[in-house]
Amino acid sequence: EVQLVESGGGLVQAGGSLRLSCAASGLTFDDYAIGWFRQAPGKEREGVSCISSSDGSIYYADSVKGRFTISSDNGKKTVYLQMNSLKPEDTTVYYCASSRTVECGMWWWEHREVYAYWGQGTQVTVSS
C-alpha cells in the first residue's frame, strides 16, 4: 500500500520559514516524481513544485519561485519543501503526491491528474 505522509505545517509570521516533509512508503521512490500542491477553500488545487530523482528535474510555480526549494532524500524516501519569505497568501493546506510518471514533465507536472497517490495534507498558516 502506497502511503504519503506530510508533516511540518504550522503557524508562522509573514517573512518566516517552514519546512514541509513528505515521507513515502510502499513505492519504489526513484521510479516516481513527487509533487507538492496546495488548495485554498473554494479554489482549485494548484501545483507548487515537483522533483524527479530519475532525471533531476525540478519545477516551481511562478508564485513561489525564489522563495521555496524542493529537495529529496532518497535514502529516507522523503521529499522536502523549504518555504522561506512566507506570505499570508501562502496560507492553505499543502499536499504531496506521487506522479504516475518518472519525470516531472514541464508540460504536465502541474496537472493533478498526473498524480496517483496523495497525502492527507498539512496546514500552513501565515499571519500578517
Side-chain angles (χ1 to χ4, degrees):
E1 180 186 8
V2 176
Q3 283 193 322
L4 300 168
V5 180
E6 302 98 334
S7 61
L11 173 64
V12 65
Q13 288 189 329
S17 299
L18 284 174
R19 188 177 80 157
L20 305 184
S21 298
C22 172
S25 61
L27 56 77
T28 303
F29 192 71
D30 294 355
D31 287 351
Y32 303 96
I34 301 291
W36 282 99
F37 285 73
R38 63 187 182 185
Q39 185 170 21
K43 292 190 175 182
E44 292 287 319
R45 190 168 294 190
E46 65 169 342
V48 175
S49 184
C50 181
I51 186 168
S52 167
S53 299
S54 174
D55 67 354
S57 56
I58 290 176
Y59 295 97
Y60 297 99
D62 288 343
S63 58
V64 306
K65 277 181 184 175
R67 300 189 298 124
F68 291 10
T69 302
I70 193 170
S71 62
S72 67
D73 184 330
N74 289 5
K76 295 182 178 179
K77 291 188 176 182
T78 300
V79 171
Y80 303 98
L81 186 68
Q82 178 68 43
M83 306 187 297
N84 299 328
S85 303
L86 283 162
K87 305 175 181 180
E89 52 264 43
D90 294 318
T91 295
T92 188
V93 180
Y94 285 72
Y95 302 87
C96 67
S98 62
S99 176
R100 304 177 195 273
T101 62
V102 175
E103 299 92 7
C104 290
M106 181 171 64
W107 306 109
W108 67 76
W109 76 267
E110 295 176 278
H111 296 273
R112 58 181 297 179
E113 300 80 22
V114 175
Y115 298 82
Y117 298 97
W118 295 81
Q120 82 289 349
T122 185
Q123 175 71 45
V124 170
T125 303
V126 184
S127 63
S128 57

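In this model, a donor atom of one side chain and an acceptor atom of the other lie less than 3.5 Å apart for Ser99 and Thr101.
Under the 4.5 Å side-chain heavy-atom criterion for Ile, Leu, Val, Met, Phe, Trp and Tyr, Val93 and Val48 are members of distinct hydrophobic clusters. Cluster membership for Val124 and Phe37, using ILVMFWY side-chain heavy atoms within less than 4.5 angstrom, is not shared. Side-chain heavy atoms closer than 4.5 Å link hydrophobic residues (I, L, V, M, F, W, Y) into clusters, and following such links, even through other members, never connects Met106 to Ile58. Each of Val64 and Trp109 belongs to its own hydrophobic cluster when Ile, Leu, Val, Met, Phe, Trp and Tyr are linked at side-chain heavy-atom distances under 4.5 angstrom. Hydrophobic cluster membership is shared by Val79 and Val2, with clusters built from Ile, Leu, Val, Met, Phe, Trp and Tyr side chains linked at under 4.5 angstrom.
Side chain of Ser52 to main chain of Val102: a donor-acceptor pair is present (N/O by atom type, distance under 3.5 Å, no hydrogens or angles). For the pair Ser53 (side chain) and Asp30 (backbone), a donor-acceptor distance under 3.5 Å is absent. Side chain of Tyr60 to backbone of Ile70: a donor-acceptor contact under 3.5 angstrom is found. Put simply, the side chain of Lys77 never gets that close to the backbone of Gly26: no donor and acceptor are under 3.5 Å apart. Side-chain atoms of Ser21 do not come within 3.5 Å of backbone N or O of Tyr80 as any donor-acceptor pair.
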Report task. Quick one: do Arg45 and Trp118 satisfy side chain to side chain contact (heavy atoms under 4.5 Å, CB included)? Show the steps, please. Result -> CA-CA 12 Å; Arg45 190 168 294 190; Trp118 295 81; 3.3 Å; yes
Step by step, would you call Val12 with Met83 a side chain to side chain contact (heavy atoms under 4.5 Å, CB included)?
CA-CA 11 Å; Val12 65; Met83 306 187 297; over 6 Å; no
Query - Evaluation steps, side chain to side chain contact (heavy atoms under 4.5 Å, CB included), between Thr91 and Gln123 - result: CA-CA 8 Å; Thr91 295; Gln123 175 71 45; 4.0 Å; yes
- request: Carefully, step by step, assess Leu4 and Tyr95 under the rule side chain to side chain contact (heavy atoms under 4.5 Å, CB included).
  value: CA-CA 9 Å; Leu4 300 168; Tyr95 302 87; over 6 Å; no
**From CA spacing to verdict: salt bridge (Lys or Arg N to Asp or Glu O under 4.0 Å), Asp62, Lys65** = CA-CA 5 Å; Asp62 288 343; Lys65 277 181 184 175; 3.2 Å; yes
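From Gln13, atom CD reaches atom CG of Leu11 across 8.0 Å, with rounding to the nearest 0.5 Å. The distance from atom CD of Gln82 to atom OG of Ser49, rounded to the nearest 0.5 Å, is 12.5 Å. How far OH of Tyr94 is from CG of Leu81: 7.5 Å, rounded to the nearest 0.5 Å.
In terms of heavy-atom proximity, Gln120 sits nearest to Val5 at OE1-CA, 3.8 Å. Between Ile34 and Tyr115 the shortest heavy-atom distance is C-CE2, 4.5 Å. Minimum interatomic distance between Ser17 and Ser85 (heavy atoms only, all atoms of both residues): OG-N, 4.4 Å. In this structure, Ala14 and Ser128 approach most closely via the heavy-atom pair CB-CA, 4.3 Å.
Exactly one residue among Glu46, Glu44, Glu6 makes a salt bridge (Lys or Arg N to Asp or Glu O under 4.0 Å) with Arg38. That residue is Glu46.
No side-chain heavy atom of Lys43 sits under 4.5 Å from any side-chain heavy atom of Thr92.
Aromatic ring centroids of Tyr32 and Tyr117 lie 6.0 Å or more apart.
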